[in-house]
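Structure first, then comments.
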Amino acid sequence: MYEPNRLREPILDWYSENARDLPWRRTDATPWGVLVSEIMLQQTPVARVLPIWTMWMVRWPTPADLAAESSGEAVRHWGRLGYPRRALRLHGCAQAIVADHGGEVPSDYTTLRSLPGIGDYTAAAVASFAYGKSHAVLDTNVRRVLARAVSAEEFPPNATTSAERRIAEALIPPVGAARWAVAVMELGALVCTARAPRCADCPIKARCAWHLAGKPAYDGPARKGQTYEGTDRQCRGRLLAVLRQAHGAVPKAALDVVWHDSVQRERALDGLISDGLAEALDGDSYRLPV
DNA sequence: CAGTCGTGGGC
DNA sequence: TGCCCAAGACT
């Protein structure tokens with residue numbers, strides 16, 4: 001690859017002036033706070049995470065605090081963030097951290113990667129942002145920025161490729177890898193957005209391969225559009241919302257009224273139970289797991 | 001590896 | 001208005 005500093009320096013300078021003041025980025029944020037933020041932020045906008053993260057940090061300031069609660073309380077206080085299995089996985093993280101790591105969030109990538117709900121991105125992000133380690137942090141923002149700036153493509157491939165990882169690793173600075181990672185992410189989140197990128201405000205527009213090529217339209221395979229209305233996912237969401245609000249046993253009749261199709265409703269309820277998001281009680285009632 | 005898994009705001 | 005998609009992980 002060509003001289004990495006051609007991209008690094010303007011992006012780092014831009015970040016110095018434009019970084020958002022997010023609570024999990026402050027110097028008083030703990031590794032646990034960083035871990036919680038990263039899992040909450042998976043596929044979820046910052047604006048919706050902020051209030052939930054703040055409540056969690058007050059309620060469960062350490063992994064031990066969350067581990068001492070039932071998984072159902074984690075699900076309840078997940079609220080409407082979406083993908084509630086993340087709440088279970090975060091609870092599982094807390095339990096593993098207490099049981100196997102002395103109550104301290106692990107600092108190395110491989111150990112983080114072994115925790116529930118922590119994949120390649122989140123392990124790299126926590127190691128970088130909580131502990132200042134050097135990793136390629138490849139989230140959707142970074143992948144889009146690199147696709148455009150380096151590969152002259154409007155969008156990255158559907159799945160992360162080894163070529164992308166090679167490009168990202170070549171750009172990691174020898175010093176300040178974590179700041180570089182968050183700076184590229186921030187550029188992707190605020191300027192180099194998926195729709196209507198603000199190229200006029202971009203610090204590397206004169207060096208961006210995609211911009212220099214005249215911003216050619218995406219010509220790759222169609223990206224998966226997600227339908228929602230009428231799906232099992234919507235049904236699960238309705239059912240779980242009832243259980244979250246109930247604070248105790250919910251008679252089945254109270255679930256029946258929120259979804260008309262009984263076949264789909266039963267399938268969704270079974271799914272919630274097998275996922276550990278709900279429990280069946282004697283007497284045909286249900287609740288969040290204890 | 002393609003499918004599954006929530007939710008709500010912006011354009 | 002409907003469609004797109006927002007710091008992915010897991011199977």
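From a predicted model like this one, the values you see are computed outputs, not experimental measurements. These values consider heavy atoms only, across backbone and side chains, with no hydrogens, waters or symmetry-generated copies. Sequence lines set the chain letters: A, B, ... in the order given, protein chains first and strands last, and positions in each chain run from 1.
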Can a side-chain donor-acceptor contact be found between [Y] and [X] if the only test is distance below 3.5 angstrom?
X	Y	answer
A/Trp259	A/Gln264	yes
A/Asp108	A/Tyr131	no
A/Asn18	A/Glu186	no

For [X], answer base if it contacts any base atom (sugar-phosphate contacts may also be present), sugar-phosphate if it contacts only those atoms, and nothing otherwise; contact means non-hydrogen atoms under 4.0 Å.
X	result
A/Arg48	base
A/Ala194	sugar-phosphate
A/Trp78	nothing
A/Asp120	sugar-phosphate
A/Arg25	base
A/Gly82	base
A/Ile118	sugar-phosphate
A/Ser37	nothing
A/Arg20	base
A/Arg85	base
A/Leu272	nothing

Taking only N and O in the side chain of [X], is any of them less than 4.0 Å away from OP1 or OP2 of [N]?
X	N	answer
A/Thr140	C/dC5	no
A/Tyr228	B/dT7	yes
A/Arg195	B/dG10	no
A/Arg144	C/dA6	yes
A/Gln42	C/dA7	no

Quantified in whole Å, what is the [atom1] atom distance between nucleotide [N] and nucleotide [M]?
N	M	atom1	answer
B/dC5	C/dA7	P	22 Å
C/dG8	B/dC1	C1'	15 Å
B/dG8	C/dA9	P	23 Å

Send over the distance from [X] [atom1] to [N] [atom2], rounded to a whole Å.
X	N	atom1	atom2	result
A/Ile52	B/dT7	CD1	P	12 Å
A/Glu229	C/dT1	CD	C1'	14 Å
A/Phe129	C/dA7	CZ	P	12 Å
A/Leu240	B/dT7	CG	P	7 Å
A/Arg267	B/dC5	CZ	P	9 Å
A/Leu41	B/dG6	CG	P	18 Å
A/Tyr83	B/dT4	OH	C1'	8 Å
A/Met40	C/dA7	CE	C1'	13 Å

Between [options], which one does the side chain of [X] approach most closely?
X	options	result
A/Leu22	C/dA9, C/dA7, B/dG9	C/dA7
A/Arg236	B/dG6, C/dC10, C/dA7	B/dG6
A/Tyr121	B/dT7, C/dA6, C/dG8	C/dG8

Q. Applying the 4.5 Å side-chain criterion to the ILVMFWY set and letting contacts propagate, would A/Tyr15 and A/Val137 be lumped into a single cluster?
A.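 Linked, A/Tyr15 and A/Val137 end up in one cluster.
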**Q.** A/Arg59 with A/Asp65: basic N within carboxylate O range, under 4.0 Å
**A.**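 Here A/Arg59 does not pair with A/Asp65 in a salt bridge, since their nearest N and O are not under 4.0 Å apart.
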Q.
Quick check on A/Glu104: does its CD atom have over 12 non-hydrogen neighbours (other residues, nucleotides or ligands) under 6.0 Å away?
A.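 12 or below, so no.
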Q. Using the benzene-type ring in the case of Trp, are the ring centres of A/Trp78 and A/Trp56 under 6.0 Å apart?
A.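 Yes, close enough.
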